[in-house]
Amino acid sequence: MKYLIKKIIITLIALGVGLGLWMYMNGFLTKSKANQETATVSFAPATRRVNDGDEASVNVLVNMTGGATLSGVDLSFTTTGDGLEFKRYILPTGFTEELLDIPKTISDAAPKKLLRLVFVAATKTTSLPHSATIPLYFTAKVPNGNRAATPQISVDVKASQAVGMGGVAYQVALSQSEPSFKVGFNPPPSDSATSLECATARNQSLSGCGQNVSITWTDAINEDGYRISRNGTLLQTISKNSISYTDPMCNFAANTYTIQAFNAGGVNANPPTVTCTCQVCPTKAPPSPSPVPPPGSADLMFHAVFPDAASNINQISDVKVTVFDRDGKSICNDGMDCRKIVTFQRDLAARMPNTFNSPRLSYEFEKNQAYTFVVKQNHTVKQTYKRVYLTWKDVLQCFEGTQDSRCGDLIGDVTLRPLFSGDLDGSNKIDQADLDTVSNALGLNGAEGDLNFDGKTDQKDVNIVSKNFGKSGI
């Protein structure tokens with residue numbers, strides 16, 4: 001009984017508000033109409049792509065033409081299809097709510113649909129606006145699993161009106177360029193990883209012969225990550241923009257790996273596969289422990305990957321190469337500065353994109369031992385390569401595909417640990433300070449925030465910091 005009485009009271013209040021609004025609006029309508037004045041209503045944006053469960057917002061713009069001011073609006077809405085659940089709205093400044101019509105739903109499973117929205121000026125002043133913008137907010141849900149559905153909301157022009165200053169009423173004219181707001185749902189990744197290859201046959205240092213199997217591929221588009229499976233069993237889910245994976249299992253048998261791209265819309269339906277076998281380690285002769293004739297010269301050439309370099313950039317300057325001996329002492333070139341600052345040239349024949357070659361680097365040394373190399377460009381993170389043997393009067397070329405055991409970590413790490421751009425403060429980590437620096441340098445010519453080495457700081461450089469955010473050097 002109490003519930004019934006409460007429901008009757010709420011109904012009477014709603015009828016009272018509606019009657020008062022009707023009298024308010026029709027009080028204007030009974031007065032003179034101006035033949036020269038019209039009002040338009042439009043949606044911005046007209047369309048939006050979303051994922052299932054995202055919030056979708058749109059602005060409804062009501063504009064009085066011909067110089068008239070706006071004192072009241074009565075909009076009736078029509079929702080086509082399921083998938084747009086109305087959540088809330090924001091009234092424009094200077095206006096007050098009079099009526100908001102949303103159908104009552106039996107359960108939360110039925111989405112709420114906006115039917116009518118009416119608002120009038122809070123006070124009748126001469127400072128009323130010529131237009132009003134009303135933000136509407138919806139929750140977008142895929143209806144019955146149909147991602148091809150495109151639910152939309154539009155204004156019923158025949159049932160809508162606008163009121164001008166002084167009680168002049170105008171019929172709302174729907175803008176033909178943006179007559180409705182439509183939502184489309186993001187599909188699963190449209191493509192998959194390509195150029196999927198086993199790294200073992202090409203480079204035993206990369207795969208860790210006798211220990212693991214490494215796989216490389218070219219990144220897909222519109223993916224949030226990858227699911228790695230071996231022989232149909234899921235191994236791991238890895239992050240977006242990944243281009244390699246190492247399986248720490250070695251049974252010397254042929255195993256089939258699947259690299260499946262996914263995003264909020266689902267998974268790629270045709271993921272690529274590759275069959276890889278863990279490689280048996282070849283017998284390698286250890287470096288000779290006997291010293292070389294002092295003093296001698298050691299020459300080194302190696303390759304490095306700069307993934308963020310623009311495609312039209314053929315060289316990267318100011319790359320600092322520092323060498324340390326087993327005791328952590330740097331090997332100086334001229335007795336003062338222990339770093340070599342050189343220019344790397346693009347290698348057009350390399351398999352990995354954005355591979356650059358160092359020039360021939362010469363060093364003075366007295367010991368036959370393993371050395372450590374540190375490579376750093378002003379705007380990239382620092383990478384450290386260990387267990388590199390310099391040999392007297394011999395040029396050591398270290399890059400992917402080299403089988404020389406003297407190269408140590410230089411072979412595998414130039415592929416697995418690229419020199420990512422974004423470290424502008426030398427902290428060896430790409431963080432908020434670097435994002436602030438490149439944002440402040442936007443539009444300036446020069447190298448202050450130039451992360452793709454094209455000579456200027458623009459939105460591309462901001463995107464590079466965002467993509468590499470959180471990455472650090474070794």
Side-chain angles (χ1 to χ4, degrees), residues 37-70 72-95 97 99-103 110-119 129-164 170-190 221-222 224 263-266 459 463:
E37 303 294 344
T38 60
T40 62
V41 59
S42 58
F43 291 85
T47 61
R48 187 181 295 277
R49 302 289 300 185
V50 296
N51 294 319
D52 187 24
D54 283 356
E55 182 178 80
S57 62
V58 61
N59 290 330
V60 179
L61 176 63
V62 181
N63 183 55
M64 301 289 284
T65 61
T69 56
L70 183 67
V73 170
D74 183 354
L75 298 178
S76 292
F77 296 91
T78 299
T79 301
T80 305
D82 295 326
L84 279 179
E85 180 178 0
F86 178 71
K87 303 299 291 185
R88 66 186 191 281
Y89 71 102
I90 299 176
L91 278 177
T93 303
F95 294 88
E97 175 185 344
L99 177 64
L100 178 66
D101 190 0
I102 303 175
K112 296 180 180 179
K113 297 181 179 180
L114 176 63
L115 298 182
R116 188 183 182 196
L117 176 60
V118 183
F119 59 90
H130 298 280
S131 63
T133 300
I134 313 105
L136 303 178
Y137 296 88
F138 303 86
T139 297
K141 296 182 179 179
V142 175
N144 300 321
N146 181 17
R147 291 188 173 275
T150 54
Q152 59 182 311
I153 184 171
S154 57
V155 172
D156 184 353
V157 180
K158 294 182 179 180
S160 302
Q161 63 182 0
V163 178
Y170 313 97
Q171 184 175 358
V172 174
L174 189 63
S175 170
Q176 295 303 312
S177 60
E178 298 174 353
S180 63
F181 171 60
K182 182 185 298 183
V183 166
F185 295 96
N186 288 325
S190 57
I221 300 174
N222 191 32
D224 292 338
N263 62 15
Q459 187 60 41
N463 295 342

TODO: Enter the distance from Leu70:CG to Phe95:CZ here, rounded to the nearest 0.5 Å.
DONE: 4.5 Å

- [ ] Quick one: do Leu114 and Tyr89 satisfy side-chain contact (heavy atoms from CB on, under 4.5 Å)? Show the steps, please.
- [x] CA-CA 10 Å; Leu114 176 63; Tyr89 71 102; over 6 Å; no

Task: Straight-line distance of Leu136 CG to Lys87 NZ, nearest 0.5 Å - done: 14.0 Å

Task: Ile134 vs Phe119 side-chain heavy atoms within contact, under 4.5 Å - done: yes

Open item on the list: Once rounded to the nearest 0.5 Å, what's the spacing between atom CZ of Arg48 and atom CD of Glu55?
Closed with: 9.5 Å

Task: Reported CG-to-CG distance for the pair Leu117 and Leu99, which is rounded to 0.5 angstrom - done: 8.0 Å

TODO: Return the minimal non-hydrogen interatomic distance between Pro143 and Ala149, and the atom names on each side.
DONE: CG-CB, 3.5 Å

Open item on the list: For Phe185 versus Lys141, what's the shortest heavy-atom pair and its separation?
Closed with: CZ-O, 3.4 Å

- [ ] Decide yes or no for Thr80 and Thr150: does some side-chain heavy atom of the first lie under 4.5 Å from some side-chain heavy atom of the second?
- [x] no

TODO: Only counting residues at least two apart or in another chain, list the ones meeting side-chain contact (heavy atoms from CB on, under 4.5 Å) with Ser160.
DONE: Leu75, Ser76, Val155, Val172

Task: Thr133 OG1 to Leu91 CG distance, which is reported to the nearest 0.5 Å - done: 12.0 Å

- [ ] Would you check if Thr69 and Met64 make a side-chain contact, meaning some heavy-atom pair closer than 4.5 Å?
- [x] no

Open item on the list: Regarding Asp82 and Lys113, does a basic nitrogen lie under 4.0 Å from an acidic carboxylate oxygen?
Closed with: yes

Using residues 56-63 as the side-chain source, report each donor-acceptor pair under 3.5 Å to any protein atom, sequence neighbours left out, with the distance given to one decimal.
none

- [ ] Output yes when a side-chain donor or acceptor of Asp54 lies under 3.5 Å from a complementary backbone atom of Asn51, and no otherwise.
- [x] yes

- [ ] Rounded to the nearest 0.5 Å, what's the gap from OG1 on Thr79 to CZ on Phe86? Could you check?
- [x] 10.0 Å

- [ ] Return the minimal non-hydrogen interatomic distance between Thr139 and Gly53, and the atom names on each side.
- [x] CG2-O, 4.1 Å

TODO: For residues Tyr137 and Ile90, determine if any side-chain heavy atom of one lies less than 4.5 Å from a side-chain heavy atom of the other.
DONE: yes

